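For reference, the structure discussed in these notes is given below.
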There are 2 protein chains.
Amino acid sequence: MRWDDISAQTCSIAKATSIFGDRWTLLIVRQLFLGIRRFSDIQQSLGITKHRLTDRLNRLIEEEIVFKHLYDERYNRYEYRLTEKGLDLYPVMITITQWGDKWVCDHDGVPVEYVHTECGEVANPRLCCSCCGKPLSLDNTTLKVGPGIVKKCARDAMSDVDKMLYGRLLDQQEQEP
Amino acid sequence: MRWDDISAQTCSIAKATSIFGDRWTLLIVRQLFLGIRRFSDIQQSLGITKHRLTDRLNRLIEEEIVFKHLYDERYNRYEYRLTEKGLDLYPVMITITQWGDKWVCDHDGVPVEYVHTECGEVANPRLCCSCCGKPLSLDNTTLKVGPGIVKKCARDAMSDVDKMLYGRLLDQQEQEP
DNA sequence: TTGACAGGTTCCATTTTGCAACCATAATTA
DNA sequence: TAATTATGGTTGCAAAATGGAACCTGTCAA
């Protein structure tokens, strides 16, 4: 499978991977969240080559995750900022951080903590059900095929990849309607 | 910066990126979550070459995210399963899926939905404060340096990368104790 | 006028990936 | 019994992505 074909898949993780599945992109986004926005600051703080950084930033701009903001008209200087689509990656950054904090952290402990300003406490974010508010886990959730697959199935437009990925789920749901 | 140096950083996102920052690893983990566990099934369903899949699975085993499980003694056949460390990636998978569903989904709609079995509804998972239970967002959270940085700072052991990343946060907190 | 800085681009070597062929073991079929 | 198939790989080479260093352009500051 070629790289372009991955982004063409129905799966949202595949599409996200086609954007972030490389050495640098997620780290660049992290810098932007931390307020490191200028080309040279990002470049030096990451130790990425200018070449690669130019490339990745352009990709992020193409994907409308980042935009260039003129912060100094006299000098014609730009900084890179997250769009709404980019800012929406906040939960992803948080869950990755938490996984890393738990499993790959060094003995000194967690490097940063999230504070919930409304209650003033360290937040320790966790995923909850938007309906009843209770915490979600692997044990109390199941997967269900959504409209994206149901529609494709109805008009016989499922790709081979889709069939392998979601076929089992579809079969289950057809048996117990 | 070389690839090995990235995993040596204090930042949890950097460490996670050093594991998942490639074309395939996250997609392999997705297959495992979906119950696609055998070498040839993963290989065919992803369109990854055997070569690469061997490589990535071994890396995941090294990182103790995946382990080999003998499922047929007669044939000496193994399947790949997620360890606790691997299963703990569930929130990451969910938040990435949600981001993808919102921003890069095709017009047919969401491919899969998460159902909360306790309340029976589609879950639409969101991050909440473990202390007060209220939803978290970029607007109601702030970052604070944790023990990992405080300790390194105290014994003057912050790397240059750490200083650039967390220096600003540290300064802020020293000013307003 | 010289130097420095921000923000790149160009060129080439190195590393990572993709593709195809091959291999070993065990089971199944002819 | 011999040939074929399935699983789970390994090997070798070409193609693509990445890293490193040098170079370029526009602006300002000394």
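Quick note on labels: first sequence line is chain A, next is B, and so on, each numbered from 1. Only a predicted model underlies this, so the values are computations on that prediction, with no experimental measurement involved. Side chains included, hydrogens not; waters and symmetry mates left out as well; all remaining heavy atoms used.
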Report task. Any chance you could list the contact pattern along nucleotides 25-30 of chain D? Use B for base contacts, S for sugar-phosphate-only contacts and - for none, protein heavy atoms under 4.0 Å, 5' to 3'. Result -> -BSSS-

Query raised in the report: Between atom NE2 in A:His51 and atom P in D:dA17, what is the gap in whole Å?
Result: 11 Å

Report task. Indicate yes or no: does A:Lys152 engage A:Asp162 in a salt bridge with an N to O separation below 4.0 Å. Result -> no

Query raised in the report: Under 3.5 Å, is there a donor-acceptor pair linking the side chains of B:Tyr71 and B:Arg38?
Result: yes

Report summary line: chain A reaches DNA chain C, atoms under 4.0 Å from its heavy atoms, from C:dA6 to C:dC19

Report task. Output all residues satisfying salt bridge (charged side-chain N to carboxylate O under 4.0 Å, His left out) with A:Arg59, sequence neighbours left out; order by chain, then residue number. Result -> A:Glu63

Report summary line: In numerical order, the residues of residues 6-43 of chain B whose heavy atoms come under 4.0 Å of DNA chain C are B:Asp22, B:Arg23, B:Trp24

Query raised in the report: Which residue pairs pass the side-chain hydrogen bond (donor to acceptor under 3.5 Å, both in side chains) test when at least one of the two sits in residues 18-29 of chain B, sequence neighbours left out?
Result: B:Asp22-B:Thr25, B:Asp22-B:Arg56

Report task. Identify, with sequence neighbours excluded, every residue that meets salt bridge (charged side-chain N to carboxylate O under 4.0 Å, His left out) alongside B:Arg52. Result -> B:Asp55

Report task. Quickly work out the B:Asp55 CG to D:dG8 P distance and round it to whole Å. Result -> 18 Å

Requested in this report: Please state how far atom CZ in A:Arg56 lies from atom C1' in D:dT18, giving the value in whole angstrom units.
Outcome: 9 Å

Report task. Write down the atom of A:Thr10, the atom of A:Lys15, and the distance for their closest heavy-atom approach. Result -> O-CE, 3.8 Å

**Report entry** side-chain contact (heavy atoms from CB on, under 4.5 Å) partners for A:Asp5, two or more places apart
**Finding:** A:Met1, A:Arg2

Query raised in the report: Who pairs with A:Arg81 by salt bridge (charged side-chain N to carboxylate O under 4.0 Å, His left out), at least two apart in sequence or on another chain?
Result: A:Glu79

**Report entry** Whole-Å distance separating the CG atom of A:Leu53 from the C1' atom of D:dG20
**Finding:** 15 Å

**Report entry** Residue list, side-chain contact (heavy atoms from CB on, under 4.5 Å) with B:Leu87, at least two apart or on another chain
**Finding:** A:Leu138, B:Phe33, B:Leu82

Requested in this report: Using a cut-off of strictly less than 4.0 Å between a heavy atom of the residue and any atom of DNA chain C, enumerate the qualifying residues of residues 59-71 of chain B by number.
Outcome: none

Identify every side-chain donor-acceptor pair in residues 109-120 of chain A under 3.5 Å, counting partners at least two apart or on other chains, and give the distances.
from, atom 1, to, atom 2, distance (Å)
A:Thr117, OG1, B:Asn140, O, 3.0
A:Glu118, OE2, B:Asn140, ND2, 3.3

Query - Single-linkage hydrophobic cluster A:Met164~B:Phe39, side-chain heavy atoms < 4.5 angstrom - result: no

Report task. Please list, chain by chain and in numerical order, all residues satisfying salt bridge (charged side-chain N to carboxylate O under 4.0 Å, His left out) with A:Arg30, sequence neighbours excluded. Result -> none

Query - A:Gln44 or B:Lys50, whichever maps to the more 5' nucleotide of DNA chain C - result: A:Gln44

Query raised in the report: Whole Å only: how far is the CD1 atom of B:Ile48 from the P atom of D:dG8?
Result: 15 Å

Query - Short side-chain donor-acceptor distance under 3.5 Å, A:Thr141 and B:Tyr90 - result: yes

